[in-house]
Amino acid sequence: MSEILDPFKISQKQLSDACKLANYDSEIYTALSEPERFVEIKLTMKMDDGSLKTFKGFRSQYNSARGPMKGGIRWHPEESASLVKALSAWMTWKTACVDIPLGGAKGGIICNPKEMSNREIETLARSYIRQLADIIGPTIDVPAPDVYTNPQIMAWMMDEYEKIVRHHAPSVITGKPLPLGGSAGRSIATAKGGVFTVREAAKDIGLDLNGATAVVQGYGNAGSWAAKLLKDDYNCKIIAVSDSRGGIYDRDGIDPHVAAEFKEKTRTVVGLKGTKEISNEELLELECDILVPAALENVITRKNANNINTKIIAELANGPTTPDADQTLFEKGVLIIPDFLCNAGGVTVSYFEMVQGYYRYFWTEKEVFEALDRVMTRAYRSTIEQSQKFDTHNRMGAYMISLERVLTAMRLRGWI
Ligand code: GLU
């Protein structure tokens, strides 16, 4: 049988396996297996060269039982309805896993912002919000950045929403720039939270992080910060990093700050002096202590799972490992910190941003990271506890916690 690679089918397969493991009836699976609401929108605009272009956008609101729905907006040429639905399901399990009072959602536009001017990006951002203004809001559904969107785009989106509702509403969106009510630490938060879970995982397997080797796939916001924090906070040796154009390798260690500056200038890490060029596929199979997939989904599959040669996989990306690969890695004894636990630092600090926005009083970065550490460490410990209790891998362990929390909220509301 060929491997399932469709993201939404993968999320449904995980959910179905989790429901079976927890002994929930099939009605429960059905109640949880689709978004509460899914909208597809059309965005037509004039480009700088005078041509007319129509983009397709989405918002998937998966589950609102635990609070306003929450999740980023991804702009990518490969964006799809299936992917947005899967990502919205994972957001639901993510907010539940770290126990913040929010539901799950996700949005996206099929486009390539790397080929667009700032004016075109602003126009598209504002038009997305105009289309969705009726179904988002601080107490309904709160978007945020994701792949290829950033604080400036969030600022335009917030402004457009506020023009429509005619009052300030900073908590309609998170990941905003600091002067507009963003939170200290938000831009590093996904990596910071992931690195806290790596610290805990290393303790569990008796790995000394000082000098431990790490490989980071993907050098966007999450990946580049993970590399810097692993090096600066724990003295790990970063032996390889990559981006969409390819990877670089140096057994003696790459300076992650130098790699980030190089990418800033040349738009890729490839070509950094003193490093050997390798492919993304080769990079994933390098022998190392910590492997950090921090790019897109489906990079560890049935094809390469057996060749993965690491002790810890810290999934900063959403959906990097397929269910088949999960099983193989579990049998091989690799400790996976699953995506919706490992990368939950971003949404956790988004939640802190909403809280700060509500009472217009802002915390220091130190306060944000201390609170983040407590949330991430507690969620990591509960996940490991559940994996041991159910004798399963950590992704299923994390599902055990999240499902129970979402279902409890649904039961108390009388939905099921
Ligand atoms: N896009 C991020 C994620 O996948 C952050 C979402 C948010 O802050 O709402 O978790």
Side-chain angles (χ1 to χ4, degrees), residues 7 11 58-64 66-76 79 83-109 132 136-151 153-154 157-158 170-177 181-194 197 218 220-223 225-226 293-297 314-320 337-357 368 371-372 375-376 379 398 402:
S11 77
F58 312 97
R59 187 78 186 162
S60 174
Q61 298 181 324
Y62 202 83
N63 190 289
S64 60
R66 303 183 72 256
M69 293 171 282
K70 187 85 193 78
I73 299 171
R74 181 178 293 205
W75 287 14
H76 198 271
E79 188 63 312
L83 185 54
V84 179
K85 284 184 191 173
L87 291 164
S88 69
W90 292 327
M91 282 310 305
T92 304
W93 317 135
K94 192 180 302 189
T95 52
C97 184
V98 289
D99 209 6
I100 52 179
L102 298 168
K106 197 84 177 197
I109 302 180
L132 294 177
I136 62 168
T139 57
I140 305 169
D141 175 3
V142 181
D146 197 74
V147 174
Y148 294 172
T149 53
N150 56 35
I153 295 179
M154 299 305 112
M157 288 182 165
M158 178 195 80
S171 294
V172 67
I173 211 154
T174 60
K176 299 181 293 290
S183 173
R186 176 61 186 85
S187 53
I188 320 178
T190 306
K192 190 79 180 175
T197 64
N221 180 51
W225 273 108
L296 299 175
E297 52 290 333
E315 295 185 337
L316 280 187
N318 287 306
I337 311 169
D339 52 2
F340 66 78
L341 164 64
C342 188
N343 68 32
V347 74
T348 301
V349 176
S350 275
Y351 163 60
F352 297 157
E353 182 176 331
M354 287 168 74
V355 172
Q356 294 168 81
V368 169
L372 177 64
V375 170
M376 297 303 295
S402 304

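We count residues from 1, following the sequence as given. All ligand and atom numbering here is 1-based and tracks the order in the structure. No experiment lies behind these values; they were computed from the predicted model shown.
Ligand 1 places these atoms under 4.0 Å from at least one heavy atom of V347: 7 (C), 8 (O), 9 (O). Remark: ligand 1 atoms within the under-4.0 Å shell around heavy atoms of K106 are 1 (N), 3 (C), 4 (O). Annotation for ligand 1: atoms under 4.0 Å from non-hydrogen atoms of G71 are 9 (O).
When all heavy atoms are compared, the tightest approach of G193 to L372 is N-CD2, 3.8 Å. Listed here is the closest heavy atom pair of A317 and A295: CB-O, 3.4 Å.
The side chain to side chain donor-acceptor pair (under 3.5 Å) check on S350 picks up T174, R186, with sequence neighbours excluded. In this view, Y62 satisfies the ring-ring contact (aromatic ring centres under 6.0 Å, His included) rule with no residue, not counting sequence neighbours.
The part of N318 lying near ligand 1 is the side chain, judged by heavy-atom distances below 4.0 Å. Residue contacts with ligand 1, taken as heavy atom pairs separated by less than 4.0 Å, do not involve P143 at all.
Every N/O-N/O distance between M91 and ligand 1 stays at or above 3.5 Å. Below 3.5 Å of separation, one finds an N or O of K94 facing an N or O of ligand 1.
Within the model, atoms OG1 of T348 and CD1 of I100 stand 4.5 Å from one another, a figure rounded to the nearest 0.5 Å.
In terms of protein heavy-atom proximity, atom 5 (C) of ligand 1 is nearest to R186 NH2, 3.6 Å. The protein heavy atom nearest to atom 7 (C) of ligand 1 is A144 CB, 3.3 Å. For atom 6 (C) of ligand 1, the closest non-hydrogen atom on the protein side is G72 N, 3.7 Å. Counting only heavy atoms of the protein, atom 1 (N) of ligand 1 lies nearest to D146 OD1, 2.7 Å. The nearest heavy-atom contact from the protein to atom 8 (O) of ligand 1 is S350 OG, 2.6 Å. In this structure, the protein non-hydrogen atom closest to atom 9 (O) of ligand 1 is K70 NZ, 2.8 Å.
With P143 as reference, I73 is the one residue of I153, I73, L132, T149 to meet the side-chain contact (heavy atoms from CB on, under 4.5 Å) rule.
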- With side chain to side chain contact (heavy atoms under 4.5 Å, CB included) as the test, would you mind laying out the steps for L102 and M354 before giving the verdict? CA-CA 11 Å; L102 298 168; M354 287 168 74; 3.9 Å; yes
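At distances below 3.5 Å, not a single donor-acceptor pair connects side-chain atoms of E79 with backbone N or O atoms of W75.
With respect to the salt-bridge test (charged N to carboxylate O, under 4.0 angstrom), the residues D99 and R66 qualify.
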